[in-house]
Amino acid sequence: MDILKSLKDTSEDGADIGKKYIEASYKYSKLKVFQILTHSISSLTKLFLIGSLLCVGIIFVSIAGAIALGDYLNNTPLGYLLVGVALLLFGFVVYLFRQLIDRKIITKISRQFYKSKP
């Protein structure tokens, strides 16, 4: 009878330990999801703010450059045209290097995402 009683106690202890482990794993998973979610939202917010400010800055610099180039060439539409062509060329160069940019972004994010923290 002592063997059956010890088996019963051992199985109950095992079940309690299993429940505690599952609860701890659940809490850790919730915390990890919260960390990833807040980091993602923070990164997207910063990206949006910085990106929109850079876009506005590029627009103003392009307009000012086009006007200055047009005054220099005594032909304002030609200044706008040259600035537009320069921006198109820049966009084409970025398009050509898009796979390299993707690889760098994926590498950086994967390092950060899979970084093991104790």
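We're numbering straight along the sequence, starting at 1.
The distance from atom CD of Glu23 to atom NZ of Lys27, rounded to the nearest 0.5 Å, is 6.5 Å. Here Tyr95 contributes atom OH and Leu89 contributes atom CG; the two are 15.5 Å apart, rounded to the nearest 0.5 Å. Going from atom CD1 of Ile106 over to atom CD1 of Ile101 covers 12.0 Å, rounded to the nearest 0.5 Å. With rounding to the nearest 0.5 Å, the separation of CD in Gln99 from CZ in Arg103 is 6.0 Å. Interatomic distance, OH of Tyr28 versus OH of Tyr21, reported as 11.0 Å (0.5 Å rounding).
Under the side chain to side chain contact (heavy atoms under 4.5 Å, CB included) criterion, Ile67 pairs with Ile63, Asp71, Tyr80, sequence neighbours left out. Under the rule for a side chain to side chain contact (heavy atoms under 4.5 Å, CB included), the partners of Val56 that lie at least two apart in sequence or sit in another chain are Phe60.
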Please set out all donor-acceptor pairs under 3.5 angstrom arising from side-chain atoms of residues 40-55, sequence neighbours excluded.
residue : atom : partner : partner atom : Å
Ser40   : OG   : Ile36   : O            : 2.8
Ser43   : OG   : His39   : O            : 3.0
Thr45   : OG1  : Ile41   : O            : 2.8
Ser52   : OG   : Phe48   : O            : 2.8
Ser52   : OG   : Leu49   : O            : 3.0

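When side chains are defined from C-beta on, Lys104 counts as touching Leu100, because their heavy atoms get closer than 4.5 Å. Between Leu69 and Thr76, the closest side-chain pair of non-hydrogen atoms is not below 4.5 Å.
Panel note: side chain Arg111, backbone Lys108; no donor-acceptor pair is recorded below 3.5 Å.
Contact detail for Val83 and Ser62: the closest heavy-atom pair is CG1-O, 3.8 Å.
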